[in-house]
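Chain identifiers are assigned alphabetically (A, B, ...) following the order of the sequence lines, protein sequences preceding nucleic acid strands; residue numbering begins at 1 within each chain.
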Amino acid sequence: MINPNSPSTANSPSTASTAKKICSSATYGSSKMPLYNYILIALVLVMSVLPQFMDAYWVAVFVSVGLGTLLSLSLNIILGQAGIFSMGHAAFYAVGAYVTAILNTRYGIPILYLLPISGFASAFFAMIVARPIIHLRGDYLLMVTIGIVEIVRIALVNDIGGLTGGANGLFGISRPEIFDIKIKKGEQFYYMIWSFVGVTVILFHWLNCSRFGRALSCIKEDDVAAEGCGINVTRYKLLAFMIGAFWAGMAGTLFAAKMTIISPGSFTFWDSVLLFAAVILGGGSQAGVILGAFLVFGLPEIFRSFAGARMLVFGLALMVMMIIRPQGIIPPRPRHYKLSKASQNKVDYALSQIQDSKDAQPTCSVHGKGEENL
Amino acid sequence: MSTQDISMNAILSLDKVTKTFGGLRAVNEMSFKVEDNSIMGIIGPNGAGKTTVFNLITGNYTPNEGSIEFQGKSITKLRPHQIVEQGIARTFQSIRLFPNLSVIENVLAGSHCRMKSGLFASMFRLPSQRKEEAQTLERAMEELEFVGLAHMWNEKASSLSYGNQRLLEMARALASDPKLVILDEPAGSMNQPETKVLIRLIQAIQERGITVMLIEHDMGLVMKVCEKIVVIEYGTKIAEGKPVEIRNNPRVIEAYLGKED
């Protein structure tokens with residue numbers, strides 16, 4: 001999102017801390033390649049060869065972590081960037097998965113076509129359910145979103161309109177086909193899902209660096225001031241929900257295609273809580289959220305041998321984390337802006353003026369250093 | 001520039017605007033006009049309803065009765081962001097910046113409503129979006145230079161002094177390309193030299209063709225920059241006129257100093 005090696009002006013209180021760079025921004029290029037770009041390349045390389053060293057079980061674990069990552073990244077738009085407390089993300093995931101399953105098993109529409117269709121269906125669903133509640137704040141909204149997940153799950157169990165197959169769910173969902181290659185092995189899913197994560201990270205990074213991302217940041221900071229600056233707060237909150245739901249819907253498609261069987265048990269309140277935890281734990285930056293997803297969805301697999309105690313450990317770890325580092329593991333860093341030559345000249349000129357006025361007369365300078373006033 | 005002039009070119013006009021909170025009439029049948037490209041001040045004792053008037057104009061409150069017209073169009077029922085789009089920008093009495101965002105991002109927030117790039121263009125970083133982004137950044141830097149904060153563009157907003165935070169709020173308001181700027185106690189928490197710079201700044205805003213309305217307790221500033229002053233007490237307008245007229249108005253003196261026995 002930003003580039004800490006950039007030429008920063010005087011006494012910039014650089015809050016940028018250690019962090020892995022998710023997406024290299026070539027347009028913001030500095031002459032030296034920063035450390036996080038190396039980390040990023042190394043990570044991509046490791047991820048791309050990893051399946052060669054893992055057995056089928058671990059590949060499956062990574063596939064489910066990949067789906068969890070995708071969902072966490074989509075929730076991050078709502079929760080991390082816009083600061084809307086939504087614990088109902090599994091509902092959007094469910095809508096995507098069920099739309100895929102119904103359209104595929106009944107009408108034989110190929111999975112890849114269903115990817116955007118499920119996304120739109122889920123975004124549409126988000127628009128309808130979020131519009132009446134979008135003005136609620138913090139914990140009030142949280143309560144309602146919990147209600148939404150439960151309503152969706154119960155509706156699915158009750159076999160709404162004879163479409164969802166009740167508690168048994170739907171089965172016989174076909175595999176995705178890309179250029180006549182049928183994706184069915186775990187390894188193939190690994191590459192498909194993680195490439196999808198990669199593309200998502202880049203698109204979300206660009207989105208975050210645009211006026212859209214800035215609007216969400218403003219809303220998170222102070223929604224009254226945001227509205228007073230001319231940002232349509234309701235519209236942007238709703239859009240954040242819809243984008244998050246769009247991606248959750250697509251993740252639902254990938255999930256349905258991977259499992260070939262889906263049932264309401266996969267879209268419970270608990271799944272929403274885990275996604276919420278992944279985003280909060282991660283801290284709201286994309287790097288943090290990916291790490292959070294690994295911790296929340298991957299770590300329990302490593303400690304499978306302590307099956308009984310792992311949730312206890314998980315809960316404790318979350319509590320400790322919230323106490324010692326409440327901002328999350330990797331909080332978002334400020335966006336980076338590259339000034340044009342003309343603007344940089346303005347900055348340099350202003351700095352030289354201050355220097356002059358300081359030399360000449362020490363008083364009368366609003367434009368001086370901040371600390372001397374009050 | 002006479003305030004009595006009937007043919008004056010009003011940019012904003014309030015007509016019998018009333019706002020009640022429960023049983024309290026915070027603003028009572030308030031009517032006044034603001035001349036285009038003038039500087040107008042609203043003064044009055046604490047709790048007189050000055051900020052409520054501003055909140056009514058900027059859409060944070062909706063009047064119970066009466067109407068507000070801006071450039072000949074009714075803005076009575078519009079929401080705050082729509083009013084900004086119409087060309088009214090504001091600053092807040094208690095500074096409301098985005099404290100964790102950088103100075104330049106705070107200004108860019110003001111530019112938001114003048115940008116057009118949609119979701120798709122932003123997500124795929126289309127050339128049109130990048131061009132707009134660069135132009136807006138340039139424009140935002142100009143506003144920062146205007147208020148004299150260009151050299152602090154990359155700092156965190158919360159790290160600025162109060163005086164500079166007020167200036168930053170003004171830059172953010174100006175970035176939305178307003179026709180009318182509403183300043184709520186711009187000199188609050190500013191020291192003497194800072195206030196001097198502020199006075200020049202307010203006049204410079206007027207020179208750009210922008211109308212300025214302000215609430216201020218610093219009478220020196222008000223008398224110096226305002227061409228017209230409206231005095232409010234208990235939500236009611238008690239006087240209106242040029243600074244000289246206001247200074248000698250017995251009702252105003254009474255409101256501020258109490259009645260002589």
For the candidates [options], which exhibits the highest count of non-hydrogen atom pairs separated by less than 4.5 Å from chain A?
options	value
B:Arg90, B:Glu132, B:Arg172, B:Glu169	B:Arg172
B:Ser122, B:Cys113, B:Ser102	B:Ser122
B:Thr58, B:Ile104, B:Asn106, B:Asn100	B:Asn100

Segment of [X] engaging chain A (4.5 angstrom heavy-atom cut-off):
X	result
B:Ala89	neither
B:Phe124	both
B:Glu142	both
B:Asn60	side chain
B:Leu101	both
B:Gln129	side chain

Open item on the list: What I want to check is whether the side chains of A:Arg211 and B:Thr136 have a donor and an acceptor closer together than 3.5 Å.
Closed with: no
Task: ring-ring contact (aromatic ring centres under 6.0 Å, His included) contacts in which one or both residues fall within residues 216-245 of chain A, not counting sequence neighbours - done: A:Phe212-A:Tyr236, A:Tyr236-B:His112
Atom [atom1] in [X], atom [atom2] in [Y]: separation rounded to 0.5 Å?
X	Y	atom1	atom2	result
B:Phe98	A:Asp223	CZ	CG	9.5 Å
A:Ile354	B:Met152	CD1	CE	6.5 Å
B:His81	A:Ile231	NE2	CD1	10.5 Å
B:Leu119	A:Ile243	CG	CD1	4.0 Å
B:Phe146	A:Lys346	CZ	NZ	13.0 Å
B:Leu108	A:Ser217	CG	OG	11.5 Å

Open item on the list: Before you tell me yes or no, could you show the steps for B:Met141 and A:Val347 under side chain to side chain contact (heavy atoms under 4.5 Å, CB included), namely the whole-Å CA-CA distance, both residues' side-chain angles and the distance that decides it to 0.1 Å?
Closed with: CA-CA 9 Å; B:Met141 281 306 291; A:Val347 172; 3.5 Å; yes
- [ ] Decide if atom OH of A:Tyr349 counts as having more than 12 heavy atoms of other residues, nucleotides or ligands within a radius under 6.0 Å.
- [x] no
- [ ] Would you please test A:Arg214 and B:Met115 for side chain to side chain contact (heavy atoms under 4.5 Å, CB included) and show each step?
- [x] CA-CA 12 Å; A:Arg214 276 197 304 270; B:Met115 297 174 82; 3.7 Å; yes
Minimum heavy-atom separation for [X] and [Y], please, with both atom names.
X	Y	answer
B:Pro80	A:Glu227	CB-CG, 3.4 Å
B:Glu138	A:Ser340	OE1-OG, 2.7 Å
B:Trp153	A:Tyr337	CH2-O, 3.4 Å
B:Met123	A:Leu203	O-CD2, 3.4 Å

- [ ] Output, in order, the C-alpha distance, side-chain angles, deciding distance and verdict of side chain to side chain contact (heavy atoms under 4.5 Å, CB included) for B:Glu85 and A:Asn232.
- [x] CA-CA 10 Å; B:Glu85 234 163 89; A:Asn232 188 344; over 6 Å; no
Task: Top contributor to chain B interface from A:Thr234, A:Val224, A:Val233 [non-hydrogen pairs under 4.5 Å] - done: A:Val224
- [ ] Would you mind reporting whether B:Arg125 and A:Cys209 have side-chain heavy atoms less than 4.5 Å apart?
- [x] yes
